[in-house]
Amino acid sequence: MQWRAVKKFTSLVNSYKVPVFVVDSVLLKIIAKDLERLKSTPYVLSECRYFCEHRDVTTFGLQDSLWESKENFLRAAERMGFQWQKYDGRDPRIEGIEDLSGTKIPLHYIFKMAAHTIHLVLFYERSGNYLWHGPLRLRQKMDKKFVPFRKLQFGRYAGAYNRPELILVTADQFKIWIPKDPSLFLQEIPHSKFLECRYKEARAFFQLYPDDYSVEAIEFRMQAKRLLHLAVVTLKSLGINFWLSSGTCLGWYRQCNIIPYSKDVDLGIFAHDYTPDIVPAFEKAGLHLKHKFGKVEDSLELSFIEENHVKLDIFFFYEEEKYMWNGGTQAKSGKKFKYLFPKFTLCWTEFEEIKIQVPCETLQYLEANYGKNWDVPVKDWDWKSSPPNVQPNGMWPVDEFYDVIQIY
């Protein structure tokens, strides 16, 4: 019955030219092992290797904009014996527009034939040139026993993925689209969780604290956005994991925007991801190294500056058993500081039309750095004493000053 349900579904999508592709992690793991054989074998193998092993759910993905004749497709599915349900959610692409906030779009379709479930995850193109899917939420009066929802691989949270290149293969007599590099797609799945900008709270914030539309503020935001884009391209080219930190993370979470009086862009990187290629890569991109404090194993911090004098600060984070921290150095005295954070993981978000990471536990991260009143703007900020998570961390030895305090 499982094989028959999948066969009918693939026959249906092929006849309606609906380009679904396999996102099922169990299937992709098996397919990845046989990928070269599937690509090179022109004939159909007689053995049933992929879709015949028992499972309750088979999962496909589809970019919503490529699904034409949707109503005809669903009626044909019913004629073939499928029961189906649609699961809607808010369209995040227009949540920032107050008059359109709350507009619903389809996020998931569930097709059921006998005891087998086919889960169709709809992906939407976002302005950061990536694909996004929403969470699957059961509303009141929905049949919560329609399928074994707990066994679905997608839908517990929203997710973001790089747009996969697809190839067509034949597996178990089915012509199916799969990611060209299944292993790469599989690596993305456990790290795909996506957090949306808090548009409603941002609107409430600006009701209390009107935004700055001065020429200086507008120009800074434009320059900071360009700098952020450049940093993303540069660090991605090096394969380095990074996230929005400090004031830039606060701006994303509190007001869905760059804070105009912050005067810099802040990123975090785990110290174990450091590579000496970082500095030459940014210099090649047109930035100048302003200072380098600390060393790889202790309190490393890099600061770059671009032609408009907007700074890019990169803080390197260290993981201890119960917390994480980054360091700070006072250049004139050699004093060291330590900023403690509760342990955090990384999620994707969209900020300034970029797919970028932030701490998943954003509120705890910001409360550590800015206190319980993080939602109140503070323009007079002393990095050595204002953060509630800062503590003294000794002094750099005088004989190390040349190596750990480098100003350009």
Side-chain angles (χ1 to χ4, degrees), residues 23 25 89-90 92-93 95-96 107 121 123-124 126 128 130-137 150 152-162 185-202 205 228 231-232 235-236 239-259 265-273 314-326 339-372 374-375 387-389:
V23 296
S25 60
R90 290 186 172 187
R93 297 167 299 178
E95 277 294 288
L107 300 176
V121 183
F123 289 86
Y124 290 84
R126 300 287 293 261
Y130 63 94
L131 297 182
W132 169 93
H133 73 77
L136 193 159
R137 298 287 180 261
R150 292 184 180 275
L152 301 183
Q153 297 174 20
F154 290 75
R156 290 181 181 85
Y157 46 76
Y161 291 81
N162 294 324
F185 189 85
L186 285 167
Q187 289 173 20
E188 287 191 73
I189 291 176
H191 308 291
S192 64
K193 187 174 181 179
F194 185 93
L195 300 180
E196 203 63 60
C197 181
R198 302 163 66 249
Y199 296 108
K200 180 180 177 181
E201 290 80 358
F205 172 82
L228 184 58
V232 168
L235 291 172
K236 282 180 69 175
I240 294 175
N241 219 16
F242 60 96
W243 63 91
L244 299 180
S245 191
S246 301
T248 309
C249 184
L250 175 63
W252 165 76
Y253 190 77
R254 186 175 69 187
Q255 55 212 71
C256 297
N257 209 332
I258 293 169
I259 298 174
V265 171
D266 303 308
L267 298 178
I269 295 177
F270 289 118
H272 58 69
D273 288 331
I314 300 179
F315 303 101
F316 289 83
F317 280 68
Y318 303 82
E319 186 170 3
E320 306 292 349
E321 184 178 353
K322 295 183 178 180
Y323 63 91
M324 295 177 178
W325 64 278
N326 73 280
Y339 302 84
L340 306 184
F341 293 85
K343 286 202 167 187
F344 58 88
T345 53
L346 296 177
C347 289
W348 292 105
T349 192
E350 183 178 309
F351 185 56
E352 297 295 343
E353 300 179 333
I354 308 170
K355 173 177 173 258
I356 197 166
Q357 288 182 298
V358 293
C360 298
E361 301 78 10
T362 320
L363 181 58
Q364 294 90 326
Y365 187 89
L366 292 175
E367 284 183 345
N369 210 184
Y370 296 100
K372 296 290 185 181
W374 56 268
D375 54 342
N389 62 338

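Here the structure is a predicted model, which is why all the values come from computation and not from measurement.
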Next item on the list: Dump the intermediate steps for side-chain contact (heavy atoms from CB on, under 4.5 Å) on L267 and L235, then the final yes or no.
Entry: CA-CA 11 Å; L267 298 178; L235 291 172; 3.9 Å; yes
Next item on the list: Nearest 0.5 Å please: distance from the CZ atom of F242 over to the CG atom of D273.
Entry: 11.5 Å
Note to self: I want to know whether Y253 and Y365 have ring centres closer than 6.0 Å.
What the structure shows: no
Notebook entry, point to check: Taking all non-hydrogen atoms of both residues, which atom of I356 and which atom of F351 are closest, and how far apart?
Noted result: CG2-CB, 4.2 Å
Next item on the list: Report the distance from atom OG1 of T345 to atom NZ of K193, rounding to the nearest 0.5 Å.
Entry: 7.0 Å
Check: Any side-chain heavy atom of V265 within less than 4.5 Å of one from I258?
Finding: no
Notebook entry, point to check: What is the distance from atom OG1 of T248 to atom CG of N257, rounded to the nearest 0.5 Å?
Noted result: 11.5 Å
Notebook entry, point to check: Can you tell if the side chain of K355 reaches within under 4.5 Å of the side chain of T349, non-hydrogen atoms only?
Noted result: no
Check: Which value, rounded to the nearest 0.5 Å, describes the distance between E367 atom CD and D375 atom CG?
Finding: 9.5 Å
Next item on the list: Using a 4.5 Å cut-off on heavy atoms from C-beta on, say whether the side chain of L195 contacts that of W252.
Entry: yes
Notebook entry, point to check: Hey, would you say the F344 and W243 ring centroids sit under 6.0 Å apart?
Noted result: yes
Next item on the list: Ignoring hydrogens and angles, tell me if any N or O in the side chain of Q153 forms a donor-acceptor pair with the backbone of S25 under 3.5 Å.
Entry: yes
Check: Are the side chain of W374 and the backbone N or O of N369 linked by a donor-acceptor pair below 3.5 Å?
Finding: no
Checklist line | F154 vs L136 side-chain heavy atoms within contact, under 4.5 Å | finding: no
Next item on the list: Kindly indicate, with the supporting measurements, whether the criterion salt bridge (Lys or Arg N to Asp or Glu O under 4.0 Å) is fulfilled by R126 and E196.
Entry: CA-CA 12 Å; R126 300 287 293 261; E196 203 63 60; 2.8 Å; yes
Note to self: For K343, is the NZ atom crowded, meaning more than 12 foreign heavy atoms sit under 6.0 Å from it?
What the structure shows: yes
Notebook entry, point to check: Would a 4.5 Å heavy-atom cut-off, applied to side chains only, mark F317 and F341 as touching?
Noted result: yes
Check: Rounded to the nearest 0.5 Å, what separation is found between the CD1 atom of I240 and the CD1 atom of I269?
Finding: 5.5 Å
Note to self: Looking at G247, is its backbone amide N or carbonyl O close enough to the side chain of D266 to form a donor-acceptor pair, meaning the two atoms are under 3.5 Å apart?
What the structure shows: yes
Check: For the side chain to side chain contact (heavy atoms under 4.5 Å, CB included) test, which of P359, C249, S246 pairs with L366?
Finding: C249
Notebook entry, point to check: At what distance, to the nearest 0.5 angstrom, does CZ of R198 lie from CG of L363?
Noted result: 7.5 Å
Item checked: W132 and R93, any side-chain heavy atoms less than 4.5 Å apart -> no
Next item on the list: Would you mind reporting whether S192 and Y157 have side-chain heavy atoms less than 4.5 Å apart?
Entry: yes
Next item on the list: State yes or no: are the ring centers of W325 and Y318 separated by less than 6.0 Å?
Entry: yes
Check: Side chains of L346 and F270: does their closest heavy-atom pair fall under 4.5 Å?
Finding: yes
Notebook entry, point to check: Which pair of heavy atoms, one from S245 and one from G268, lies closest together, and at what distance?
Noted result: CB-N, 3.7 Å
Next item on the list: Could you tell me whether the side chain of E188 and the main chain of N162 form a donor-acceptor pair under 3.5 Å?
Entry: yes
Note to self: Using a 3.5 Å distance criterion without hydrogens, assess whether the side chain of R156 forms a donor-acceptor pair with backbone atoms of R150.
What the structure shows: yes
Next item on the list: Check Q187 against P190 and note the closest heavy-atom contact, atom names and distance.
Entry: O-CD, 3.5 Å
Margin query: Using the side chain to side chain contact (heavy atoms under 4.5 Å, CB included) definition, which of the options Y124, W348, F194 pairs with Y130?
Written below: F194
